[in-house]
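Heads up, the thing below is written out as structure tokens.
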There are 2 protein chains.
Amino acid sequence: MSYLDQNIVAATDLQRRNAASAKHEAAIASFAEFGAKSLKFAPHDVVYYEGDEARRLYHLERGTVMLFKLLPDGRRQVVEVLRPGDIFGLASSEEHDCTAETLTDAQVQEIDLRHVETSPEFQRRLTRCLTSQMNALHDHAVLLGRKSAQERVASFLMYLVPNRGGVGCVGPDPERTDDSCDIKLHMTRQEIADYLGLTIETVSRVVSELKRKGVIRADKSDQIHLHRVCGLCQMTGFH
Amino acid sequence: MSYLDQNIVAATDLQRRNAASAKHEAAIASFAEFGAKSLKFAPHDVVYYEGDEARRLYHLERGTVMLFKLLPDGRRQVVEVLRPGDIFGLASSEEHDCTAETLTDAQVQEIDLRHVETSPEFQRRLTRCLTSQMNALHDHAVLLGRKSAQERVASFLMYLVPNRGGVGCVGPDPERTDDSCDIKLHMTRQEIADYLGLTIETVSRVVSELKRKGVIRADKSDQIHLHRVCGLCQMTGFH
DNA sequence: CGACCGGTTGAACTGCATCAAGCTGAGTGG
DNA sequence: CCACTCAGCTTGATGCAGTTCAACCGGTCG
């Protein structure tokens, strides 16, 4: 069965499923003040499916989660890649508009929607979180709408470098003599392609091209060494 | 001076300017409880520029506003098209991440950021508003990342039909015998192109193609009659 | 050992961008 | 009232970045 065929099955199957609920474990702190319950997920577990009833909020404590949407013919777009601290699962209708799937082992707190209504402190945290997610979505719209394949891949890699990338990139840390960095992708080529609005082959070709140019070295296919972060940053389209 | 050249000037000029503040007028109700001040704008006025200090929130009462970002070489991406009821101007850093420009005459309420911190009622409205904007951004990411030019234009036109388009499109109103509709774009071909991640020529060609197929009729270039809304909806990629 | 999955690479194709020319209609001025 | 202009739009011809199709490679697992 081809990749697209698999997604078609997934797309038509969305309505019927109802995820999460299964894999919880002991409760931990952080949003405990809101009666949050902590769940653990393995890589590629689904937290909820697009179309599931939206009853709870989720706070990502550890690991990485992606949100994606499917078109009925199987085309997929990963719309967000979330990191620890992000909140997800808030829906404007009764249903989730995306599927949420883990990329790595992940720990997620489940928060009762009631707190959205009642706790001003929680509201403030939520607003801050939503705002920064909106900013990320704006940047991503620029990437998807206006950047070349090479710029997309470069931007994606920079996104994984702590405190770098983006418009306001400060340049290399003056404290350090070299400007190299090791990053772990935690995503397959397919997931990267679906995030960047490209095909798997194009992602692969651009990565190979970057290796050939000596900008990066790929130790394992999801473990990449950036020789000069600033050099890569120059390729994002932001400079 | 070419279009891109103009944008380059705009892009490099962003930091220096500081918009809004000039064109206010009498205060009106709606968010008046939060001490909001009502401003009036003409088409293509700028409410704030990307990089301006983010001090206030804005509530769109009447008209249409777009948010866009520029790359330093002049490429532009319109990231959101806002409608009455939407709130904009909330920033996760000290600066606005987009430029906000009116498409039509518009009336905008300026709200003090203090209310974000203090009023739970305001917080609730804000959360609801941000959530639905996030959903729109998710849909737009799918459009930009995965849809063909024709699907983009069809989706865009459907977006302008009240209560239609999107995944959960209910189909034609059973009360009505015909399924036609008149819409006004309020955007130039350039703005549409920058919103859909296409070029002006491609937008023009797709619109002409839709005319040739008899799906639409363009009375004036920004005034379009949809013969069968459902037929157009079939071309969005959602069905 | 073979099957399989994720990734890479090559060759050919194509949808959209680019470049260039012409059209249309609103505004301006003689 | 018509000629001129200019901005926004359309249309055609050509080019190319990225997709598609297909073969192959290397690691892992039963």
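Model, not experiment: these values are computed from the prediction. Here is how names work: the chains are called A, B, and so on, in the same order as the sequence lines, proteins then strands, and each is numbered from 1.
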> Under a 4.0 Å N-O cut-off, is there an ion pair linking E80(A) with K69(A)?
Replying inline: no

> Hey, do the aromatic rings of Y48(B) and Y58(B) have their centres closer than 6.0 Å?
Replying inline: yes

>> Please evaluate residues D45(B) and T102(B) with respect to the criterion side chain to side chain donor-acceptor pair (under 3.5 Å), reporting the C-alpha separation (whole Å), side-chain torsions for both, the decisive distance (0.1 Å), and the verdict.
In response: CA-CA 5 Å; D45(B) 279 350; T102(B) 57; 5.2 Å; no

>> Output the rounded distance in Å from NE2 (H44(A)) to C1' (dG6(C)).
In response: 11 Å

> Reading nucleotides 11-30 of chain D 5' to 3', which nucleotides get B (base under 4.0 Å from a protein heavy atom), which S (sugar-phosphate only), which -?
Replying inline: BBB----SBBB---------

>> Five pairs per end, C1' atoms only: what is the angle between the end axes of the helix from dC1(C)-dG30(D) to dG30(C)-dC1(D), to 10 degrees?
In response: 30°

> Could you state the CD-C1' distance from Q190(B) to dC9(D), rounded to the nearest angstrom?
Replying inline: 11 Å

>> Measure CG/L185(B) against P/dC9(D) and give the value in whole Å, please.
In response: 9 Å

> Can we say D194(A) and R76(A) salt-bridge, meaning some charged N sits less than 4.0 Å from an Asp/Glu carboxylate O?
Replying inline: yes

>> Looking at E61(A) and K40(A), is any side-chain nitrogen of the basic one under 4.0 Å from a carboxylate oxygen of the acidic one?
In response: no

> Could you give the CG-to-P distance, from D219(B) to dG25(C), as a whole number of Å?
Replying inline: 13 Å

>> What is the separation between atom CG on D194(B) and atom P on dC9(D), rounded to the nearest whole Å?
In response: 12 Å

> Which whole-number value in Å describes the distance from L210(A) CG to dT9(C) P?
Replying inline: 12 Å

> Taking the six-membered ring where the residue is Trp, are the ring centres of H225(B) and H227(B) under 6.0 Å apart?
Replying inline: yes

> Are F88(B) and H59(B) close enough that their ring centres sit under 6.0 Å apart?
Replying inline: no

>> If I take atom CD in residue Q223(A) and atom P in nucleotide dG6(C), what distance separates them, rounded to the nearest angstrom?
In response: 19 Å

> With M187(A), which of V203(A), T64(A), V81(A), T104(A) fulfils side-chain contact (heavy atoms from CB on, under 4.5 Å)?
Replying inline: V81(A)

>> Using whole Å, what does the distance between atom P of nucleotide dG15(C) and atom CZ of R75(A) come to?
In response: 13 Å

>> Is there a side-chain contact between R146(A) and Q77(B) in this structure, where contact means two heavy atoms from C-beta onward sitting under 4.5 Å apart?
In response: yes

